[in-house]
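Right, one structure below, let's go through it.
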Amino acid sequence: MNSPTCCGWKGFLRKTIARSLLLCLFWSLAVCGNELQAQTAVPENVAKAAILAKFPDFVKWPAASGSSITFGILGDDPFSGALDSMVKVKRSRRVEDLKGCQIVFIPKSGNVGGALSSLAGMNVLTVGESDGFAKQGGIIGFVIEGDKVRFEINTGAATRAGININSRLLKLAIRTFSS
């Protein structure tokens with residue numbers, strides 16, 4: 001006959017082993033889950049390119065702008081070609097060469113003030129990634145919050161450019177302002 005001490009010991013041992021196995025299982029899932037998440041994280045430049053490629057779905061240009069949307073990249077291409085697979089892209093180091101584009105992206109390395117001055121009064125959606133881009137007079141500025149790519153919109157700059165931004169895009173912005 002089994003003594004209570006013996007059964008108590010076996011029960012304790014079973015519970016300890018079960019808890020240890022569960023702990024190991026949770027720990028391995030946590031480690032593997034973090035590795036999987038790190039492996040599937042989208043690089044910042046690819047995320048920006050994907051968001052940028054969707055902007056025409058939420059923006060209206062004056063009828064005279066035509067139906068074909070061309071994206072211009074001023075200076076260095078921070079997208080490493082990721083935008084090329086999604087849309088028609090034109091690159092130049094000179095703003096004058098991009099004046100036929102409906103969207104002009106101005107990277108951090110670009111002359112933001114000079115580019116915005118050159119594009120003023122034209123029906124061009126200006127998008128940039130430098131700090132305070134939209135506050136400087138650009139229409140849409142990318143902002144990094146934690147590990148997410150977000151954007152802010154300067155509705156005053158859009159109005160001056162003759163561009164109408166859909167309310168759905170305005171709701172997705174982390175900030176909208178008119179200046």
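Nothing here was measured: the structure is a model prediction, and the numbers come from that model.
Between Phe151 and Phe55, the distance separating the two ring centers is shorter than 6.0 angstrom.
Note that NZ of Lys60 is 13.5 Å distant from CD1 of Ile163, once rounded to the nearest 0.5 Å. With rounding to the nearest 0.5 angstrom, the CG atom of Asp131 is 7.0 Å from the NZ atom of Lys108.
A donor-acceptor pair under 3.5 Å is absent between the side-chain atoms of Ser92 and the main chain of Leu74, judged by distance alone. Side chain of Asn166 to backbone of Phe58: no donor-acceptor contact under 3.5 angstrom is found. Side-chain atoms of Thr126 never come within 3.5 Å of backbone atoms of Val104 as a donor-acceptor pair (strictly under, hydrogens ignored).
Side-chain atoms of Ile69 and Val87, non-hydrogen and from C-beta on, never get closer than 4.5 Å to each other. By the 4.5 Å heavy-atom criterion applied to side chains, Glu129 and Ile106 are not counted as neighbours. Using a 4.5 Å cut-off on side-chain heavy atoms (C-beta onward), Leu52 and Phe79 make contact. Side-chain atoms of Ile140 and Leu125, non-hydrogen and from C-beta on, do get closer than 4.5 Å to each other. Inter-residue side-chain proximity for Phe105 and Leu83 is flagged as unmet; no heavy-atom pair is nearer than 4.5 Å.
Closest approach of Ile165 and Ala158 over heavy atoms only: CD1-CB, 3.8 Å. Heavy-atom minimum distance, Phe71 versus Cys101: C-SG, 4.1 Å. Minimum interatomic distance between Ser179 and Lys135 (heavy atoms only, all atoms of both residues): OG-O, 4.3 Å. Pairing each heavy atom of Pro107 with each of Asp76, the nearest pair is CG-O, 3.4 Å. Summarising the geometry of Asn154 relative to Ala134, their closest heavy-atom pair is ND2-O, 2.8 Å, with the distance given to 0.1 Å. Residues Asn123 and Ala161 come closest through the heavy atom pair ND2-O, 2.7 Å.
By the 4.0 Å N-to-carboxylate-O rule, Arg168 lies too far from Asp57 to be salt-bridged with it.
Connection of Ile144 to Ile153 is established within a shared hydrophobic cluster, with ILVMFWY side chains joined at heavy-atom distances below 4.5 Å, either directly or through further cluster members. If you chain together hydrophobic residues whose side chains sit under 4.5 Å apart, Ile103 and Leu116 never meet in one group. By the rule that hydrophobic residues join a cluster once side-chain heavy atoms approach within less than 4.5 Å of another member, Ile174 and Leu169 end up as members of separate clusters. Residues Ile73 and Val112 do not share a hydrophobic cluster, clusters being chains of Ile/Leu/Val/Met/Phe/Trp/Tyr side chains in contact below 4.5 Å. A continuous path of ILVMFWY side-chain contacts below 4.5 Å connects Leu170 to Val127, so both sit in one hydrophobic cluster.
Partner Asp77 forms a salt bridge (Lys or Arg N to Asp or Glu O under 4.0 Å) with one of Lys90, Lys48, Arg91 and no other, that one being Arg91.
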Exercise. For side chain to side chain contact (heavy atoms under 4.5 Å, CB included), just list the numbers for Val59 and Gln102, CA-CA rounded to whole Å, side-chain angles, deciding distance to a tenth of an Å, and then say yes or no.
Key: CA-CA 10 Å; Val59 175; Gln102 289 73 32; over 6 Å; no
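Within 6.0 Å of atom NZ in Lys99, more than 12 heavy atoms from other residues, nucleotides or ligands are found, so the atom counts as buried in its surroundings. Atom CG of Asp97 sits in a crowded spot, with more than 12 heavy atoms from other residues, nucleotides or ligands closer than 6.0 Å.
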